[in-house]
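Ligands are counted one by one from 1 in listed order, and the atoms in each one are counted from 1 as well. The first residue in the sequence is number 1, and the count goes up from there.
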Amino acid sequence: MPLSNRVNNINISPTSKVFTKTKEMITQGFDVINLSVGEPDFPTPANIKEAAKRALDNNFTRYTLNNGIVELRTAIADKLRKQNGLDYSPDNIIVSTGAKQSLYNAIQSMVNDNDEVIIPGPYYVSYPDMVTLANGRCIFLPTDEKSQFNITKEQLEKAITPNTKILILSYPTNPTGASYARKELEAIAEVVEKHNLYVICDDIYENFIYDNNEFVPFASVNKSIKERTVVVNGFSKSYSMTGWRIGYAAGPAEIIKSMNKVQSHSTSNASSISQAAAVEALIGQQNSIFEMRDEFERRRNFIYEQICSNAGITCFKPKGAFYLFPNIKYYLGKSAAGINKIENSIDLSMYLLNEAKVATVPGSAFGAEGYLRISFASSMYSLKEGAVRIKEALGRLG
Ligand code: PLP
């Protein structure tokens with residue numbers, strides 16, 4: 001059967017490939033240290049689970065409003081006002097099946113054929129394929145350690161053409177842990193306004209920011225930026241709820257209405273049980289967020305020191321999220337006894353998986369060759385054991 005051109009133009013998420021191979025090895029009984037995961041290793045807090053149980057017992061099991069229950073959209077509006085200084089009416093908010101669905105719906109609603117969408121790299125794996133599915137054109141803005149993995153105002157200005165429509169921002173960033181200070185965001189905002197661009201800002205890691213750094217939402221930079229920004233966020237990371245599939249977007253009425261249309265013809269409402277649980281996540285105790293953040297910061301400090309102690313490795317110290325993104329270019333072109341030459345980050349990731357039984361994600365999955373992503377959303381035991389195994393395996397490459 002000839003498949004649609006739309007589908008032929010995109011790829012299965014490259015991180016799922018590593019995930020599948022890792023799962024296969026675990027099923028085969030290998031003792032794999034999994035540092036490839038993109039989710040907190042903590043259970044969902046008890047108060048949230050209790051709220052879901054109550055929802056089930058009360059038979060809160062039917063279709064809800066397509067854009068989400070009023071209680072949840074009101075709780076989200078309160079959160080955005082109190083935590084982020086952003087004023088949205090519940091009507092300007094849509095609840096979706098994960099932040100991913102909000103991103104997808106926003107891109108489907110905003111991108112026309114050949115519209116250019118600027119994506120700073122390294123990027124979250126799904127952005128380019130979502131843009132391609134909408135027949136948009138991805139314009140990548142590469143960054144590296146020298147710019148602390150941040151784009152600059154000048155770099156953005158240079159990439160803009162008459163076809164540029166949207167900038168996708170996300171910080172703290174998956175996979176680098178980079179983040180922006182208010183001044184840097186203001187500089188980007190100037191260019192955005194000057195060229196009449198729209199912004200999709202994915203704030204999903206907002207609560208995991210370290211060293212007392214401040215998270216500044218892009219939409220909060222000024223009023224006119226808020227009017228051209230779609231804020232995407234969710235419960236997966238902050239409340240350790242990846243499997244519950246619940247996220248949301250807030251933005252200009254016209255865009256949110258269109259996203260509601262797209263959603264009404266795909267999944268309809270997000271799970272009623274997850275919505276009830278998400279209300280409790282927002283109105284209940286928030287300690288679990290701070291506990292997770294403190295633990296991630298402790299783990300970041302540990303794994304950063306360990307990975308930097310390997311010969312030839314340089315690494316940006318993540319300001320947030322839960323990933324380390326070391327530069328491994330020193331190891332390209334090297335090999336070990338019985339091992340083919342390591343040509344790229346996929347080879348190195350596969351070498352570590354096969355030889356050290358440590359799962360990582362190759363940088364090329366995020367559009368950045370010569371790097372690996374190491375998740376520190378893994379137990380301290382896994383990080384300690386993983387660091388020892390990585391050092392031993394890298395030491396064999398020459
Ligand atoms: N955005 C970023 C930057 C992510 O890293 C992820 C998950 O890894 C998502 C969105 C997806 O989040 P959700 O589970 O809410 O769909």
Undergrad: Backbone or side chain, does any N or O of Tyr323 fall under 3.5 Å from an N or O of ligand 1?
TA: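 No; the residue has no nitrogen or oxygen that sits under 3.5 Å from a nitrogen or oxygen of the ligand.
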Undergrad: Which heavy atom of the protein is the closest neighbour of atom 9 (C) of ligand 1, given with residue, atom name and distance?
TA: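 Protein heavy atom with the smallest distance to atom 9 (C) of ligand 1: Tyr124 OH, 3.4 Å.
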Undergrad: Check ligand 1 against Ser236 and write out every atom of the ligand that is under 4.0 Å from a heavy-atom position of the residue.
TA: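 By the 4.0 Å cutoff, the relevant atoms are 13 (P), 14 (O), 15 (O).
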Undergrad: Could Lys194 and Glu190 be called an ion pair, given the rule that one side-chain N must be under 4.0 Å from one carboxylate O?
TA: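 Looking at Lys194 and Glu190, the cut-off is not met.
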Undergrad: Do Lys53 and Glu50 meet the salt-bridge criterion of a basic N to acidic O distance under 4.0 Å?
TA: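 Yes, Glu50 and Lys53 are salt-bridged.
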Undergrad: Taking 4.0 angstrom as the limit, do Asp57 and Arg54 come out as a salt bridge?
TA: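 Looking at Arg54 together with Asp57, the answer is no, because their closest N to O distance does not fall below 4.0 Å.
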Undergrad: Heavy-atom contact check, 4.0 Å cutoff: does Gly247 meet ligand 1?
TA: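 Under 4.0 Å: no for Gly247.
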Undergrad: Could you identify the single nearest non-hydrogen protein atom to atom 15 (O) of ligand 1 and state the distance to 0.1 Å?
TA: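 It is Ala99 N, 2.7 Å.
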Undergrad: Report yes if the distance between the aromatic ring centroids of Phe42 and Phe296 is under 6.0 Å, otherwise no.
TA: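 Yes, ring centres under 6.0 Å apart.
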Undergrad: Atoms of ligand 1 less than 4.0 Å from Tyr127 heavy atoms?
TA: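 Near Tyr127, the atoms of ligand 1 are 3 (C).
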Undergrad: Can you pull out the closest protein heavy atom to atom 12 (O) of ligand 1? Residue, atom name and distance to 0.1 Å, please.
TA: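 Of every protein heavy atom, Ile204 CD1, 3.5 Å lies nearest to atom 12 (O) of ligand 1.
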Undergrad: Do Lys100 and Tyr124 form a cation-pi contact, if we require the NZ or CZ to be under 6.0 Å from the six-membered ring centre and within 45 degrees of the ring's axis?
TA: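 Because its charged atom misses either the 6.0 Å distance or the 45° angle limit, Lys100 does not stack over Tyr124.
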Undergrad: Heavy atoms only: which of Lys237, Gln101, Arg245 is nearest to atom 7 (C) of ligand 1?
TA: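 Heavy atom nearest to atom 7 (C) of ligand 1 belongs to Lys237.
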Undergrad: Strictly below 4.0 Å, N to O, side chains only: are Arg299 and Glu295 in salt-bridge contact?
TA: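 Glu295 and Arg299: salt-bridged.
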Undergrad: Please confirm whether Arg228 makes a cation-pi placement over Tyr198, using NZ or CZ under 6.0 Å from the six-membered ring centre and within 45° of the ring normal.
TA: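 Geometry flag: set, cation within 6.0 Å and 45°.
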Undergrad: What atoms of ligand 1 come within less than 4.0 Å of a heavy atom belonging to Gly98?
TA: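 Taking each heavy atom of Gly98 in turn, ligand 1 has 15 (O), 16 (O) under 4.0 Å.
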Undergrad: Does any N or O in the side chain of Arg300 come within less than 3.5 Å of the main-chain N or O of Phe376, such that one atom is a donor and the other an acceptor?
TA: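 Pair absent, no side-chain N/O of Arg300 close to backbone of Phe376.
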Undergrad: Report yes or no: does a heavy atom of Gly234 sit under 4.0 Å from some atom of ligand 1?
TA: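 No, that is not the case, since the closest heavy atom of the residue is not under 4.0 Å from the ligand.
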Undergrad: For Tyr205, counting its heavy atoms only, list the atoms of ligand 1 lying under 4.0 Å from any of them.
TA: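 With Tyr205 as reference, the close atoms of ligand 1 come out as 3 (C), 4 (C), 5 (O), 8 (O).
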Undergrad: Relative to the heavy atoms of Asp202, which atoms of ligand 1 are at a distance of less than 4.0 Å?
TA: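 Answer for ligand 1: 1 (N), 2 (C), 3 (C), 10 (C).
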Undergrad: At the 4.0 Å heavy-atom cut-off, does Thr242 count as touching ligand 1?
TA: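 Per 4.0 Å heavy-atom rule, Thr242 does not contact ligand 1.
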Undergrad: Would Lys319 count as a cation-pi partner of Phe316, with NZ or CZ less than 6.0 Å from the six-membered ring centre and within 45° of the ring normal?
TA: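 Judged by the rule (NZ or CZ under 6.0 Å from the ring centre, within 45° of its axis), Lys319 is not positioned above Phe316.
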